[in-house]
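The structure appears right after this line, and notes come after that.
Note that these values count all heavy atoms, side chains included, but never hydrogens, waters or copies made by symmetry.
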Amino acid sequence: MTHVLQKVVLPQERDPDLLPLYVDPETWSIIDEEHVRVSNRAHIGNVLGRHRSRIQPGRRVSFGTYFNAFPASYWQHWTSVREIQLTVRTSGPATILVYRSNGGGTPQRIDTREVKGQSSTTFDLTLTQYSDGGWMWFDIVSDDEVAIFEGAEWTTEEQPARHGKASVGITTYNKPDYCIATLQAIAANPDVVELLDRIFVVDQGTQRVDAEAQYPEVASSLGETLQIITQPNLGGSGGFARAMLETLDRPESDFVQLLDDDVLIEPESLRRSVVFGRFTTDPTLVGGHMFDLLDRPKLHAWAEVVDDKPFMWRNLFQEKMPHYFGETNLRQTGILHMRMDADYNGWWMCLIPKQVIREIGLSLPAFIKWDDAEFCVRAGKAGYPTVSVPGVALWHVSWLGKDDAIDWQAYFHGRNRLVAALLHSTQKHGGTLIRHSRRIDIKHLLMMQYYPVALRNRALRDVLRGPEHMTKNLATAMPAARALAKKFPETVVHKDVDKILRARKGRQTFGRLKRNVFDSPTGFWLRWFTATTLVTHWFHAPRPENVEMPEVEFGKGDANWWRLPLHDSALVSAADGSGKNVYIRDRAFFRRAIVESVLLHWQLQWSWPRLAKRYRAHLGDMTSPESWARIFDESGR
């Protein structure tokens, strides 16, 4: 039996920005060791459909792109597949060239065929030389006439390790339009639907998905495959845990495919993730990459890891992300040819084998933040790795237009990172985590961001109470955090067009100014700066005129922790550009909060071994199907 591992696809939308992710019809050269685009012949008009495109006379088009090259190293490393076939269908005179790369991105030609008329050309290929990395792909060069690419697949005759279907779990809170678009995209692709057992839309909002005008049509298309589940807002972890719990009762499902709500999917990616999961030698979590929904060629996450010493997440090559495919494509970016191993994958898109859930439990009752990383780390310790597979991806609204570290989510950032570390850190007393957490509080206080510090101190108190608080405040922590914002004027985003806010000393800009010793201080100057500004904020009250009117104005990118503390007040643009926040120094709150932060962190340091033992002993109870069933029953399942 032939199994299709990967289909070659073209953009669903006529969007020129998407072309570099699917085809690469450009000519490149190397000048001063940098890849330079010599000519750009990309034209959306040459895309004739989902699987067809036109190659103009004398032109060359490469399918060595993110969505259409074959990630050979990942298939060799994580599956038992060793023999594959590439079949390319064309019409008209053309030359097909097949390439591979090594882990450094060096291209090597494998085979070449000349074709005429209607043709279906098959190449037999082996997966035996890709231990460190490498892709396979093909180019098509037309002759003196137009050639038409009619479709291509990467297939194998080898059999998968498992054959079950996947249930999809979409957690949503007041994003019905996104959910309808996702359901429509799935329904329009029968080859995806045939791999799915159920689609669980866990609706936790007040703007219901099934109330949308387009819902009856898409529900009719999907039939009994689609199931809407309503429950109170228990956050992402509550929605995804519900999908996991429902999947455990589905005999036809071997996997649950988690999807965020505010995404745009590439349907072929859903199919690829399930197929890859079927072929992995051992049960494996299959993650998808995240592109920016508002800047479509920009990739934000490739392989993500958790650094154990500070217990913090990051990209494996932090300095290389995000990567913009509009500037350099896959063939020109050597680092993307390396096989990158991940510790976890965000739950914007992640396929989890049901066997893993049965063994290690469901999501941590974290509401949001760190539930995905903690689950993957927990699975990894149990012997179930996470693989972020290239060519499996979706578009998600990135965090660049947000600042969730200073809104109500600051509570969950702080608490859940600490809880995850108590559960999994191998470092004594959590390594440098407590020191880093204390520094975060100091920076916020010096920047006059008092609300996140109040939330983070609350998070510390809750962590010290023990693991039982996680389930008890699952439904109440978010409303309580949002309610606390009313006590902090800096949380208000001023958008009033009738009253333009201005600063006494005007806007401060730094892009063209010479750097000084306090511009991102390090070493001695960092210690000196911190000490002097702490003393200033402790002993000196703000000047009355700076309380009455903001002293200075900063753009969001200039409002750094080493600039804001030098002023009594500041007008700062919101992260999304929708308005401005006013920060005013509050000496009384600063004194109370910094003392509380120091004492709470000291208490956490002192009690770390005992707390870690408690949290680890309680992990099974927090994540068990029985515990989550009680939560759902109490919330009105």
Side-chain angles (χ1 to χ4, degrees), residues 9-26 28 34-37 40-45 47 62 64-69 175 177-179 181-182 185 259-270 287-304 313-336 340 342 345-350 372 388-405 407 409 511 555-559 573-579:
V9 292
L10 294 163
Q12 298 185 97
E13 307 164 61
R14 300 188 68 77
D15 183 347
D17 285 344
L18 292 178
L19 273 181
L21 303 181
Y22 293 86
V23 293
D24 190 357
E26 303 169 336
W28 297 78
E34 295 289 335
H35 286 276
V36 177
R37 184 185 291 110
N40 182 352
R41 293 170 174 171
H43 197 293
I44 195 68
V47 176
S62 177
T65 56
Y66 177 84
F67 277 121
N68 285 324
K175 301 281 178 55
D177 49 344
Y178 281 103
C179 291
T182 296
L259 287 178
D260 215 338
D261 55 354
D262 52 346
V263 300
L264 181 66
I265 66 168
E266 165 52 74
E268 169 66 11
S269 289
L270 282 179
H289 295 159
M290 189 196 90
F291 283 89
D292 191 338
L293 185 58
L294 303 180
D295 193 0
R296 304 286 289 280
K298 184 174 289 183
L299 177 70
H300 277 277
W302 187 280
E304 296 188 292
W313 55 38
R314 65 172 175 86
N315 272 296
L316 183 58
F317 292 96
Q318 187 77 21
E319 70 282 2
K320 299 295 184 180
M321 292 294 159
H323 178 75
Y324 188 62
F325 281 92
E327 292 180 353
T328 54
N329 217 324
L330 177 67
R331 293 183 299 153
Q332 297 83 38
T333 312
I335 193 171
L336 299 185
M340 300 188 198
N345 199 96
W347 279 357
W348 51 74
M349 184 180 187
C350 189
D372 45 14
S388 297
V389 181
V392 175
L394 47 65
W395 291 269
H396 188 287
V397 177
S398 80
W399 44 82
L400 295 183
K402 306 176 183 178
D403 203 344
D404 56 20
D407 66 11
Q409 297 175 74
K556 186 63 180 178
D558 288 329
S573 300
D576 62 359
S578 62

Intermediate values then yes/no, side-chain contact (heavy atoms from CB on, under 4.5 Å), V9 and N68 | CA-CA 7 Å; V9 292; N68 285 324; 4.0 Å; yes

Distance-minimising heavy-atom pair for [X] and [Y]:
X	Y	answer
K298	P322	CG-CB, 3.7 Å
L330	A69	CD2-CB, 3.7 Å
S269	G391	OG-O, 3.4 Å

Quick one, [X] and [Y] - any side-chain contact, counting heavy atoms below 4.5 Å?
X	Y	result
D262	H396	yes
E304	N315	yes
E327	F325	no
L270	L259	yes

Distance in Å, [X] [atom1] paired with [Y] [atom2], rounded so as to fall on 0.5 Å steps:
X	Y	atom1	atom2	answer
H300	H289	NE2	NE2	13.5 Å
L21	L10	CG	CG	12.0 Å
D295	D17	CG	CG	7.5 Å
L336	Y66	CG	OH	9.5 Å
Y324	T333	OH	OG1	13.0 Å
F67	E268	CZ	CD	9.5 Å

With K556, which residues qualify under side-chain hydrogen bond (donor to acceptor under 3.5 Å, both in side chains), at least two apart?
-> D403

Is the backbone N or O of [Y] less than 3.5 Å from a side-chain atom of [X], with the two atoms forming a donor-acceptor pair by type?
X	Y	value
W302	P390	no
T65	Y22	yes
N329	R331	no
R296	W395	no
D24	G64	no
R14	P16	no
H323	T328	yes

Going through the checks in order, is the side-chain contact (heavy atoms from CB on, under 4.5 Å) test met by D260 and Y178?
-> CA-CA 10 Å; D260 215 338; Y178 281 103; over 6 Å; no

Kindly determine whether M340 and I335 satisfy side-chain contact (heavy atoms from CB on, under 4.5 Å), including the steps that lead there.
-> CA-CA 9 Å; M340 300 188 198; I335 193 171; 3.9 Å; yes

State, without any angle test, whether N345 and S388 hold a side-chain donor-acceptor pair at a distance under 3.5 Å.
-> yes

Out of L299, L264, V263, L18, which one pairs with F291 under the side-chain contact (heavy atoms from CB on, under 4.5 Å) rule?
-> L299

Sequence neighbours excluded, the answer for side-chain contact (heavy atoms from CB on, under 4.5 Å) partners of Q12 is R50, N189, P267

